[in-house]
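So the structure is just underneath, and the comments pick up after that.
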There are 2 protein chains.
Amino acid sequence: MPELDRIDRKILDALQRQGRLPLTELAHEVGLSTSPVTERVRRLERAGVITGYHARVDPVAMGRPLLVFVELTLSSKSGELFEKLRAELVHEPRVLECHLVSGRFDYLIKARLSAMSEYRELLAQILQKIPVPAQSNSYVVMEEIKESLMLPVDVPRG
Amino acid sequence: MPELDRIDRKILDALQRQGRLPLTELAHEVGLSTSPVTERVRRLERAGVITGYHARVDPVAMGRPLLVFVELTLSSKSGELFEKLRAELVHEPRVLECHLVSGRFDYLIKARLSAMSEYRELLAQILQKIPVPAQSNSYVVMEEIKESLMLPVDVPRG
DNA sequence: GCTGAAACTGAATAGTT
DNA sequence: AACTATTCAGTTTCAGC
């Protein structure tokens, strides 16, 4: 993928905000006709810059009012062990995020759950899949101030 | 909003995965014709179950390869102070998430940045807006195993 | 690489069961 | 509450610049 020019960046900004925006309206927003805009969007998709389009859904309406972060520390750090845990977490839909971090602990996990009982169940399920002792600290979210995947697009002047 | 039936749930599952799925194809997937599906989608949008549609974009392609979590603890916990910090974080596009948590610290912040220099700059910017002493711990993500906003849809049998 | 127009596909509306 | 038919809007493709 070559450089993203000013129009590519406008497209990425618009589609991050409004994923279902018709290409005709997108074209109007960026100041071109539909053909080149369609071609640019297809190019951004093919190049993996745009990785997908997704509806966002209200967690409370879906019966998942509880948001929890779990810090996980493993007593042993073999690559095989990490692979095993990764497979478990990737396939667990209640786990929305999982990151390997540097610092005080190993993994930071974010999960959306229906209730505390489900939290206990999920944690037990994860820990039991790990063949070495592991330590965990959990944090319950009391207020969600911001949650997004939208990346800022630095639009160059011009 | 009344209960979500089996078809509503199928719609939510499909649109979370494929946000630009045409309504005709969505209708085919859920086994109805387009009119009732369109009506259901509009109803889910109006009720705030579907909160939006968004393209997802590759952070590395956007020049933000650095993912950092910051734990923030404030020495004083007035509502006014929280408001001030919240306003700052909500308007800062490099901050993707911010949650008020219970436990060892107050805020958990997630940011996507271009480099460590930007991290130092952002942290300084945030701390300087807070009129009381604050303590922070940061964690740099070494590997992103999973990141999503997709909520599991418990589809009842039938 | 963009424009504009023609042909096609999907969306919206109204009327029917 | 869902289906069908019609009309309108959006997408795609292609000739020309």
Side-chain angles (χ1 to χ4, degrees), chain A residues 1-58 61-63 149-151 153-158, chain B residues 1-58 61-63 149-151 153-158:
Chain A
M1 186 79 192
E3 271 301 282
L4 300 171
D5 69 12
R6 191 177 124 270
I7 291 173
D8 289 334
R9 287 167 193 276
K10 280 191 179 181
I11 288 172
L12 292 169
D13 187 68
L15 288 179
Q16 283 191 97
R17 292 176 202 279
Q18 298 177 250
R20 272 185 96 96
L21 192 67
L23 294 170
T24 53
E25 287 181 41
L26 179 59
H28 185 253
E29 276 198 26
V30 307
L32 290 180
S33 59
T34 60
S35 328
V37 168
T38 306
E39 195 195 345
R40 280 166 182 268
V41 171
R42 295 290 107 86
R43 196 188 78 234
L44 292 166
E45 290 167 356
R46 267 187 271 110
V49 179
I50 295 174
T51 59
Y53 302 88
H54 307 279
R56 242 193 114 169
V57 163
D58 176 37
M62 295 292 287
L149 288 177
M150 162 125 196
L151 298 179
V153 180
D154 312 308
V155 179
R157 59 259 151 256
Chain B
M1 184 81 192
E3 271 302 282
L4 300 171
D5 68 11
R6 190 177 123 272
I7 290 172
D8 289 333
R9 287 166 193 274
K10 279 190 181 184
I11 288 171
L12 293 170
D13 187 68
L15 288 179
Q16 283 192 94
R17 291 176 204 280
Q18 298 177 246
R20 270 185 98 94
L21 193 68
L23 294 172
T24 53
E25 286 180 41
L26 179 60
H28 184 254
E29 275 197 28
V30 307
L32 290 179
S33 61
T34 60
S35 326
V37 167
T38 306
E39 195 196 341
R40 279 167 182 267
V41 171
R42 296 290 108 86
R43 197 189 74 233
L44 291 166
E45 290 167 356
R46 268 188 272 110
V49 179
I50 294 173
T51 59
Y53 302 88
H54 308 279
R56 240 192 116 171
V57 163
D58 177 36
M62 296 292 286
L149 289 177
M150 160 124 198
L151 298 178
V153 180
D154 313 308
V155 179
R157 58 260 152 257

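In what follows, every heavy atom counts, from backbone to side chain, and hydrogens, waters and symmetry copies are set aside. Below, chain A is the first sequence line, B the second, and so on; all start at residue 1.
When the P atom of C:dA12 is taken as reference, atom CZ of B:R43 falls 16 Å away, rounded to whole Å. Look at CG on B:L26: it is 16 Å from C1' on C:dA12, rounded to the nearest Å. The distance from atom CG of B:L23 to atom P of C:dT13 is 12 Å, rounded to the nearest whole Å. One interatomic measurement links the two molecules: CD of A:E39 to C1' of C:dG1, which rounds to 8 Å at whole-angstrom precision.
Of the side-chain N and O atoms in B:S35, none sit less than 4.0 angstrom from OP1 or OP2 of C:dA12. For A:R40, no side-chain nitrogen or oxygen approaches OP1 or OP2 of C:dG1 to under 4.0 Å.
Under a 4.0 Å N-O distance rule, the pair B:D13/B:R17 qualifies as a salt bridge.
Annotation: of the two residues near DNA chain C, A:L32 and A:R20, the 5′-most nearest-nucleotide partner is A:L32. Mapping A:V37 and B:L21 onto DNA chain C by nearest heavy atom places A:V37 closer to the 5' end of the strand.
You won't find any donor-acceptor pair under 3.5 Å spanning the side chain of B:T34 and the base of C:dG10, going by distance alone.
At distances below 3.5 Å, not a single donor-acceptor pair connects side-chain atoms of A:R42 with backbone N or O atoms of A:V37.
For the pair A:L149/B:H54, no side-chain contact is recorded, criterion being any heavy-atom separation below 4.5 Å from C-beta on. A heavy-atom distance below 4.5 Å is not found between the side chains of A:E45 and A:R40.
The minimum heavy-atom distance between B:E3 and B:D8, with the atom names listed, is O-OD2, 4.0 Å. Of all heavy-atom pairs between B:Y53 and B:G19, the closest is CD2-O, 3.7 Å.
Base contact: A:P36 has a heavy atom under 4.0 Å from a base atom.
Protein chain B touches strand DNA chain D; the 5'-most and 3'-most nucleotides with an atom under 4.0 angstrom of its non-hydrogen atoms are D:dA2 to D:dT11.
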